[in-house]
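Okay, structure first, notes after.
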Amino acid sequence: MENDMHYSDKFLKNILVLNKNVQVTEGYHIAYCFDDNYAMPAGLSLMSVIENNPNIAINFHLFTNNLSKQNLAHFETLAKQFDCSITYYEIDSNFSVNSDTLVLGISIATCLRFIVPEVLEKITSRVLYLDCDTLCVGNLEGLFNRDLTNKIAAVVPDIENMQNTQGKRYGIPYGEYFNAGVIFFNTLLWNHNKLTEKTFQLINDGNVYTFADQDVLNIVMKENTLLLSSDYNNLTALTVNGNEDAKVNKTTKIIHYITKNKPWHQPYRTNLFDYYFTNSPWKDMLLPFYNDKKTSSIRAYAKLMFKQKKYLSGIKHYIIYLKTKFKK
């Protein structure tokens, strides 16, 4: 019947179980959405969840486009290493959204979360979506047990500036505009309200949404969310050698690295990131020096080279910084 068709069916190309010895269980469910560029941080985030939730059965669902064979193999390694359930959902190349919105520097992969509740409804009534630039530092059972009976999702409010700008722009009550890096979905209510289809209609309506998927998700779920404490989405901005993720409150469960300064960029590397990275299948990967689209990140790396007395490298990257700056 036509009513049984999902909007997401047109995008789903292939489903692959990465550990044949472990079936999807009645445990909890976590989804990640990414392309090949974010495979490594997604893998580290997954590892951090497992380490901090050793007595909980968790099923992981990876929604990806353009994932390399090598990165897929790394996730297979994790599935066997931790003897856990990981399912890979390959998204077809015809998945697309308004290119004008993506011009603002947001990857198309971030909009894959629109289809997660629809694809997983037959498996679970609840699924936790996590951004790839997150690390789990606490037990998540308290989140998984939240009552979502009459709410589409549980979320964490964004910072005050976002309440005053984006929240106000879309008529969202002050304090309820949420950061979309952590979303605990009620898949049944999401699908009952046909929100997968509505999110795609909005993102492709010709308007440019500054924060793309986040703005759209806030609009479609307005006043239908359960607000969580910042412990479940601790918005952490990194500075050079700052190790800010070591200074979060002890009650924090999930650290979310906001801004374009990521812990896999050399000036912003942290001990927490390095712990998971050096114990991961990606440990031999050459990490980027910096975010090559952000001038302050390039300058920070040049300064770091000078500090380490690597003067030729410092000069080279300071020149790159100047060229990038004056191109803008």
Item to check | Sub-4.5 Å side-chain heavy-atom contact between Arg126 and Asn186 | outcome: yes
Next on the checklist: Quick one, Asn249 with Thr251, criterion side-chain hydrogen bond (donor to acceptor under 3.5 Å, both in side chains). Give me CA distance, side-chain angles, the key distance, then yes/no.
Outcome noted: CA-CA 5 Å; Asn249 295 332; Thr251 54; 4.8 Å; no
Item to check | Side-chain heavy-atom pair Asn218, Glu176 within 4.5 angstrom cut-off | outcome: no
Checklist entry - Do Phe144 and Tyr129 share a hydrophobic cluster (ILVMFWY, side-chain heavy atoms under 4.5 Å, transitive)? => result no
Checklist entry - Between the main-chain N or O of Lys262 and the side-chain N or O of His265, is there a donor-acceptor pair closer than 3.5 Å? => result yes
Checklist entry - Going by the angle between their ring planes, with limits at 30° and 60°, are Trp264 and Phe273 parallel, tilted or perpendicular? => result tilted
Next on the checklist: Taking the six-membered ring for Trp, are His61 and Tyr32 closer than 6.0 Å centroid to centroid?
Outcome noted: no
Next on the checklist: Minimum heavy-atom separation for Ala212 and Ile203, please, with both atom names.
Outcome noted: C-CD1, 3.9 Å
Item to check | Thr124 side chain to Leu120 backbone, donor-acceptor under 3.5 Å | outcome: no
Checklist entry - If you take all heavy atoms of Cys132 and Cys33, which pair is closest and at what distance? => result SG-O, 3.8 Å
Next on the checklist: If we ignore hydrogens and angles and just use 3.5 Å, is the side chain of Gln163 paired with the main-chain N or O of Tyr177 as donor and acceptor?
Outcome noted: yes
Next on the checklist: I need the Lys283 NZ to Leu44 CG distance, nearest 0.5 Å.
Outcome noted: 12.5 Å
Checklist entry - Looking only at atom types and distance, does a side-chain atom of Asp205 sit under 3.5 Å from a main-chain N or O of Gln201, one as donor and one as acceptor? => result no
Checklist entry - What's the verdict on ring-ring contact (aromatic ring centres under 6.0 Å, His included) for Phe75 and Phe34, showing C-alpha distance, side-chain angles and the deciding distance? => result CA-CA 13 Å; Phe75 282 108; Phe34 55 93; 5.6 Å; yes
Next on the checklist: Before you tell me yes or no, could you show the steps for Val116 and Tyr89 under side-chain contact (heavy atoms from CB on, under 4.5 Å), namely the whole-Å CA-CA distance, both residues' side-chain angles and the distance that decides it to 0.1 Å?
Outcome noted: CA-CA 10 Å; Val116 168; Tyr89 301 81; over 6 Å; no
Checklist entry - Counting distance only, does the side-chain N/O of Lys247 pair as donor-acceptor with the main-chain N or O of Gly242 below 3.5 Å? => result yes
Checklist entry - Roughly how far apart are Asp274 CG and Leu287 CG, rounded to 0.5 Å? => result 8.0 Å
Next on the checklist: Tyr268 vs Glu244, test: side-chain hydrogen bond (donor to acceptor under 3.5 Å, both in side chains). Steps then yes/no.
Outcome noted: CA-CA 9 Å; Tyr268 311 104; Glu244 281 82 3; over 6 Å; no
Next on the checklist: Just checking Glu160: does its CD atom have more than 12 heavy atoms from other residues, nucleotides or ligands closer to it than 6.0 angstrom?
Outcome noted: no
Checklist entry - Does a donor on one side chain and an acceptor on the other come within less than 3.5 Å for Asp158 and Gln214? => result yes
Next on the checklist: Between Asp131 and Arg113 (salt bridge meaning N to carboxylate O under 4.0 Å), is one present in this structure?
Outcome noted: yes
Item to check | side-chain contact (heavy atoms from CB on, under 4.5 Å) assessment of Asp35 paired with Ile108 | outcome: CA-CA 8 Å; Asp35 58 19; Ile108 189 173; 5.7 Å; no
Next on the checklist: Is it true that Asn234 and Thr236 share a donor-acceptor pair across their side chains at a distance under 3.5 Å?
Outcome noted: yes
Next on the checklist: Can you tell me how the ring of Phe95 sits relative to the ring of Phe200, calling it parallel under 30°, perpendicular over 60° and tilted otherwise?
Outcome noted: perpendicular
Checklist outcome for this item: All heavy atoms of Cys136 vs all of Ser48, minimum pair found to be N-OG, 2.8 Å
Item to check | Any donor-acceptor N/O pair, Thr225 side chain to Ala154 backbone, under 3.5 Å | outcome: no
Item to check | Criterion side-chain contact (heavy atoms from CB on, under 4.5 Å) on Lys222 and Tyr170, from CA distance to verdict | outcome: CA-CA 9 Å; Lys222 182 168 69 172; Tyr170 300 115; over 6 Å; no
Next on the checklist: Within the structure provided, determine whether Asn53 and Ile58 are in side-chain contact (heavy-atom separation under 4.5 Å).
Outcome noted: yes
Checklist entry - Any chain of hydrophobic side-chain contacts (each under 4.5 Å) joining Tyr301 to Val240? => result no
Next on the checklist: Looking at every heavy atom in both Ile86 and Leu46, which two are closest together, and how far apart are they?
Outcome noted: CD1-CD1, 3.9 Å
Next on the checklist: A side-chain contact here means heavy atoms from C-beta on lying under 4.5 Å apart; do Leu140 and Ile254 qualify?
Outcome noted: yes
Item to check | Beyond-backbone contact of Glu90 with Leu16, side-chain heavy atoms, under 4.5 angstrom | outcome: no
Item to check | Side-chain heavy atoms of Leu78 within contact of Leu18, under 4.5 Å | outcome: no
Checklist entry - With a 4.5 Å heavy-atom cut-off, do Val182 and Val155 have their side chains touching? => result no
Item to check | Check: Asn98 side chain, Asn207 main-chain N or O, donor-acceptor pair, under 3.5 Å | outcome: yes
Checklist entry - Rounded to the nearest 0.5 Å, how far does CG of Leu112 lie from OG of Ser107? => result 8.0 Å
Item to check | For Val119 against Ser8, the heavy-atom pair lying closest together | outcome: CG2-OG, 3.6 Å
Checklist outcome for this item: One should read off an interatomic distance between Lys151 NZ and Glu223 CD, to the nearest 0.5 angstrom, of 9.0 Å
Checklist outcome for this item: Between the OH atom in Tyr88 and the CG atom in Asn71, the distance rounded to the nearest 0.5 Å is 10.0 Å
Checklist entry - Looking just at side-chain N and O atoms, do Asp215 and Gln166 make a donor-acceptor pair shorter than 3.5 Å? => result yes
Checklist entry - Same hydrophobic cluster for Leu130 and Phe185, using side-chain heavy-atom links shorter than 4.5 Å among ILVMFWY? => result no
Next on the checklist: If you apply the rule side-chain contact (heavy atoms from CB on, under 4.5 Å), what do you find for Tyr28 with Phe60, and how did you get there?
Outcome noted: CA-CA 9 Å; Tyr28 303 115; Phe60 295 95; over 6 Å; no
Item to check | Student check: side-chain heavy atoms of Val49 and Ile30 closer than 4.5 Å | outcome: yes
Checklist entry - Taking it one step at a time, do Thr134 and Ser45 satisfy side-chain hydrogen bond (donor to acceptor under 3.5 Å, both in side chains)? => result CA-CA 6 Å; Thr134 59; Ser45 180; 3.1 Å; yes
Checklist entry - Honestly curious: do Leu312 and Tyr321 fall in one hydrophobic cluster under the side-chain, below-4.5 Å linking rule? => result no
Checklist outcome for this item: Output for pair (Ser296 OG, Asn261 CG), nearest 0.5 Å, gives 5.5 Å
Checklist entry - Where do Met47 and Ser280 come nearest, in terms of heavy atoms and distance? => result SD-CB, 3.6 Å
Item to check | Within one Ile-Leu-Val-Met-Phe-Trp-Tyr cluster: Leu148 and Leu217, side-chain cutoff 4.5 Å | outcome: no
Checklist entry - Has Lys309 got more than 12 heavy atoms of other residues, nucleotides or ligands less than 6.0 Å from its NZ? => result no
Checklist entry - Would Tyr257 and Asp245 count as having a side-chain donor-acceptor pair, cut-off 3.5 Å? => result yes
Next on the checklist: Can you see whether Asn179 engages Asn233 through a side-chain donor-acceptor pair at a distance of less than 3.5 angstrom?
Outcome noted: yes
Checklist entry - Does Thr199 use its side chain to pair, donor to acceptor, with the backbone of Leu195 at less than 3.5 Å? => result yes
